[in-house]
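A short write-up of the structure that comes next.
All ligand and atom numbering here is 1-based and tracks the order in the structure.
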Amino acid sequence: MEVLSLKYWPILVVGCPIAYLVFGSIYQLYFSPLAKVPGPWYTAVSRYWLARVSLQGRRIFAVHDLHLKYGPYVRIAPNEVSVSEIEAVKQIHSSHNNFSKPTWYADVANGVKSAFAIVDPEDHKARRKAYGTVYSNTNMSLLEPVIRKHITVCVSKIKRDLNRGPVDILRWFRFMAADIVAELCYGKDMDMLNKEAVNPIVEDLTILLTIGGVRAEIPGLNVLESLISLIPHPTVRFITGCSKRIFEYSDDVLSEFQEKIRHDRDNNLAPFLFTRLINNMNNPTEKYRLNFDEIRHESTANLIAGSDTISTTGTYIIWAILKHSDVRSKLEDELKTLGDDLTDARLQQLPYLKLVTKETLRLYGAGPGGMPRIVPPGGWRLGPYYFSAGTGVSSQGYTQHREAAVFEDPYAFKPERWLNPTKEMEAHMVPWGGASRTCPGQNLAMIELRLIAATFLKECPDAVLAESCTDQSMEFINYFNIKPSGNRANYQKPGYWAGW
Ligand code: HEM
């Protein structure tokens with residue numbers, strides 16, 4: 001018996017996917033557990049919209065617009081809801097509630113297996129316990145000389161170049177931030193400020209993260225990647241070899257540093273972020289010790305997490321100060337009270353600098369993105385909705401920091417708003433992420449931001465925005481972190497004329 005005559009095959013081949021799409025869409029729109037959550041129809045039926053805006057670098061803005069239209073709960077994909085109601089956001093990120101990160105983070109991290117990419121909440125807690133006091137303020141103040149050394153060199157080079165014409169401070173801050181965090185993690189900087197050029201390993205990290213970012217949005221891309229990697233072309237080999245080069249590099253520098261620590265009986269070495277972790281590696285009494293491989297992954301992750309974040313927010317703090325002449329002159333007056341003593345301990349005491357940094361983090365913190373999480377087993381009620389286990393829930397700092405009911409004139413840069421902040425304002429500030437996975441590098445970041453602002457204003461008192469540094473070029477785009485869409489931030493001396 002001919003069960004299916006050949007003439008029916010084309011109907012089946014075309015009809016089955018169409019039926020799947022039609023019935024799948026009807027299910028998502030009317031019967032799915034998320035059907036009651038508001039949002040446009042196209043986000044309910046497919047993940048395409050979210051992937052598209054993410055790959056275009058517009059995710060935070062597109063999701064923000066949906067919140068403005070639909071309210072604090074918006075369905076942004078068939079199985080993902082963006083939440084902006086503060087009580088719900090707190091529950092999602094509480095250390096007690098075990099919302100896990102999705103594997104999306106591991107895809108983004110693209111093989112760098114650090115605290116950032118660990119999905120399971122218990123495994124993550126153990127990893128963060130191993131960090132111990134590594135990032136404490138006390139430890140950070142020991143690292144200040146290393147941080148200050150690079151910031152001083154960076155600003156002196158900017159000052160030198162300002163005599164020649166417009167200077168792109170984003171480029172210089174990228175060199176500086178990578179040099180600082182590399183020296184703190186590996187005991188050896190990236191030699192970028194000295195060579196005034198990007199280190200090939202930093203280029204490799206950019207490639208690695210770009211591939212990871214695309215892979216995280218396009219399921220199944222890894223199959224295509226495996227096929228492409230078989231093509232014997234030098235460019236393909238170069239691109240597919242980047243993670244090997246990164247890991248070989250971290251292996252070498254960390255082994256070198258481990259040796260130096262072993263022979264440093266008189267404690268002559270500059271302090272290092274992970275000295276404690278290296279010393280604990282073979283300590284049987286240390287419950288949460290990490291092995292060499294784990295430290296290697298953490299160092300690489302910190303190099304990534306502590307580079308572009310600082311260069312971006314550092315660039316924006318200078319931009320915001322120079323754009324607002326009243327802010328600039330108040331800050332300059334305040335800094336004058338310190339004379340030449342720009343140590344971080346003194347800078348921490350400056351009230352106006354504190355307001356400026358906080359307002360910069362509200363508008364230009366480098367990580368205002370979605371921070372997706374997964375509802376734990378048993379499901380969870382958030383506001384008016386019950387979400388079953390496995391549902392994706394995300395919350396973006398970009399929206400919380402611009403909540404019009406909380407922040408008056410939310411898009412304006414007004415440091416004075418932090419003079420008497422309300423409880424709601426404080427509760428909405430999440431520049432370092434949510435409680436359970438909060439940024440461990442925040443103390444380090446704060447020292448860097450304070451020193452960048454103070455050193456720049458002191459050394460480059462006549463710097464102004466160049467004509468090419470416009471509101472439009474400084475609008476940011478968002479690929480996990482943010483950066484200026486013009487990919488530069490030019491400054492110059494007043495009256496500089498580029499000629500005809
Ligand atoms: C202005 C600078 C910085 C900002 C605005 C920032 C912001 C953030 C945010 C929002 C998160 C949470 C991401 C999420 O849950 O999806 C995060 C996590 C993280 N940050 Fe930062 N960060 C900055 C600088 C740094 C620095 C300097 C380091 C280290 C040297 C660092 C290391 C990390 C790590 C390792 C994580 C992952 C934490 C975990 O999941 O346990 N960050 N950061």
Does [X] pair with [Y] as a salt bridge, N-O distance under 4.0 Å?
X    : Y    : value
K330 : E334 : no
K323 : D471 : yes
E426 : K358 : yes
R47  : E80  : yes

Residue part near ligand 1, for [X], under 4.0 Å between non-hydrogen atoms:
X    : answer
W104 : neither
K125 : neither
P431 : backbone

[atom]: which protein heavy atom is closest, and how many Å away?
atom                    : value
atom 24 (C) of ligand 1 : T309 OG1, 3.5 Å
atom 32 (C) of ligand 1 : A305 CB, 3.4 Å
atom 26 (C) of ligand 1 : G306 CA, 3.6 Å
atom 8 (C) of ligand 1  : C439 CB, 3.6 Å
atom 36 (C) of ligand 1 : P440 CD, 3.5 Å
atom 4 (C) of ligand 1  : W432 CZ3, 3.5 Å
atom 28 (C) of ligand 1 : G441 CA, 3.6 Å

Is there a side-chain contact between T313 and F173, using heavy atoms and a 4.5 Å cut-off? no

With a 4.5 Å cut-off on side-chain heavy atoms, are L184 and L444 touching? yes

Is the shortest distance from a heavy atom of [X] to ligand 1 less than 4.0 Å?
X    : result
K101 : yes
A366 : yes
Q442 : no

Pairwise distance NZ(K125) to OG(S436) - rounded to 0.5 angstrom: 8.5 Å

CG-CZ distance between L143 and F272, expressed to the nearest 0.5 angstrom: 10.0 Å

Regarding Q56 and Y479, is there a side-chain donor-to-acceptor distance under 3.5 Å anywhere? no

Have a look at S82 and tell me which of H67, R75, R59, Q396 forms a side-chain hydrogen bond (donor to acceptor under 3.5 Å, both in side chains) with it. H67

Would one find an N or O of N302, backbone or side chain, under 3.5 Å from an N or O of ligand 1? no

What I want to know is whether R437 and ligand 1 share at least one N or O pair that is separated by under 3.5 angstrom. yes

Under 3.5 Å donor-acceptor, R148 side chain and L342 backbone: yes

Output the list of atoms in ligand 1 that are nearer than 4.0 Å to some heavy atom of [X], sorted by atom number.
X    : result
G433 : 10 (C)
H124 : 39 (C), 40 (O), 41 (O)
R128 : 38 (C), 39 (C), 41 (O)
T313 : 1 (C)
A445 : 2 (C)
V181 : 30 (C)
F480 : 16 (O)
R373 : 14 (C), 15 (O)

Can you check whether [X] and [Y] have ring centres sitting under 6.0 Å from each other?
X    : Y    : answer
F247 : H297 : yes
F274 : Y186 : no
F116 : F480 : yes
H93  : F99  : no

The option among F116, Y364, Y105 carrying the non-hydrogen atom nearest to atom 16 (O) of ligand 1 is Y105

Atom 13 (C) of ligand 1: which of M371, R127, Q396 has the nearest heavy atom? M371

